[in-house]
J.: 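Let me give you the structure first, and then I'll get to my questions.
The basis for the numbers below is simple: all heavy atoms, side chains too, and nothing from hydrogens, waters or symmetry mates. As the structure is a prediction and not an experimental result, all values here were calculated from the model.
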Amino acid sequence: MKHSKHLLYSLMALAMATISLTSCSHDKDEPKEPSLTDEYVGEFSGKLTLNIAGQYDYDSDIRIIISEGENETLKITFPKYELSNTLMGDITMGSLTLENLTYNPSKGGFYLDYGEAGVSQYFKAERNGAVTMDSEYQLNAPSDIFVTKREDGKIKVVNSFRIGAMPMPITATFIGHK
């Protein structure tokens, strides 16, 4: 009986030693392969320029958040922002989140065509006290977004879209840094 207990304790000690020795190799900090999204993820501050109909530019200082999605995709969140004295009057753009931007090697950045995806955004236009638009509107085709990293380290986001039945295109270009 004494011999059996001694043998059992010896086997348990051997098993524990084997487990601890094999787990040591996992304790080392092995270099992590860089992800395509690593340089793009973070909170970025900068200037957003809203271009209406390809002719009129209006600027706003904003912060956007870019996070990593599944399978090396990006998720971008724009905050609510306001622009005064535009072609359409004073406008308010509601917050917008776009997901599943994938890296496109031929374009050199992350891209998403979302014009057929049913994405909507709040939009309000008011001129001289009269509200002409004030609702959640679908962003229709052609609507797409493209994100690149510039040589100076800043992020550039170009979001081109059409709100509801509006005939004129709108392009929001954001350039910012962490």
J.: Looking only at heavy atoms, what is the nearest atom pair of T171 and S160, with distance?
T.: OG1-OG, 3.4 Å
J.: Could you tell me the separation between the CG atom of N128 and the CG atom of D90, rounded to the nearest 0.5 Å?
T.: 9.0 Å
J.: Do the side chains of L139 and I163 get nearer than 4.5 Å, heavy atoms only?
T.: yes
J.: Please tell me if the side chains of D113 and S143 come closer than 4.5 Å, counting only heavy atoms from C-beta onward.
T.: no
J.: Roughly how far apart are K75 NZ and F110 CZ, rounded to 0.5 Å?
T.: 15.5 Å
J.: What's the spacing between T37 OG1 and L101 CG if we round to 0.5 Å?
T.: 11.5 Å
J.: Can you name the one residue among L96, I65, I62 that meets side chain to side chain contact (heavy atoms under 4.5 Å, CB included) with P79?
T.: I62
J.: Do you know which two heavy atoms are closest between F44 and I66, and how far apart they sit?
T.: CE1-CD1, 3.9 Å
J.: Give, for atom CD1 of I155 and atom OH of Y40, the distance between the pair rounded to the nearest 0.5 Å.
T.: 6.0 Å
J.: For D134 and Y122, what are the C-alpha separation, side-chain angles and deciding distance, and is it a side chain to side chain donor-acceptor pair (under 3.5 Å)?
T.: CA-CA 7 Å; D134 186 8; Y122 175 77; 2.4 Å; yes
J.: Does the side chain of T97 come under 3.5 Å of the side chain of T77 through a donor N or O and an acceptor N or O?
T.: yes
J.: I'd like to know if the side chain of K178 reaches the main chain of V41, judged simply by a donor and an acceptor atom lying under 3.5 Å from each other, with no hydrogens or angles considered.
T.: yes
J.: Would you give the length of the straight line joining atom CE of M88 to atom NZ of K124, rounded to the nearest 0.5 angstrom?
T.: 13.5 Å
J.: Out of curiosity, I145 CD1 to N159 CG, how far, rounded to the nearest 0.5 Å?
T.: 4.5 Å
J.: Apply the test side-chain contact (heavy atoms from CB on, under 4.5 Å) to residues F78 and L48: give CA-CA distance (whole Å), side-chain angles for both, the deciding distance (0.1 Å), then the verdict.
T.: CA-CA 10 Å; F78 293 90; L48 179 125; 4.2 Å; yes
J.: So do F123 and M93 actually touch side chain to side chain, heavy atoms under 4.5 Å?
T.: yes
J.: Can you give me the closest heavy-atom contact between S60 and Y81, atom names plus distance?
T.: OG-CB, 4.1 Å
J.: Is a side-chain donor-acceptor pair under 3.5 Å present for S106 with N104?
T.: yes
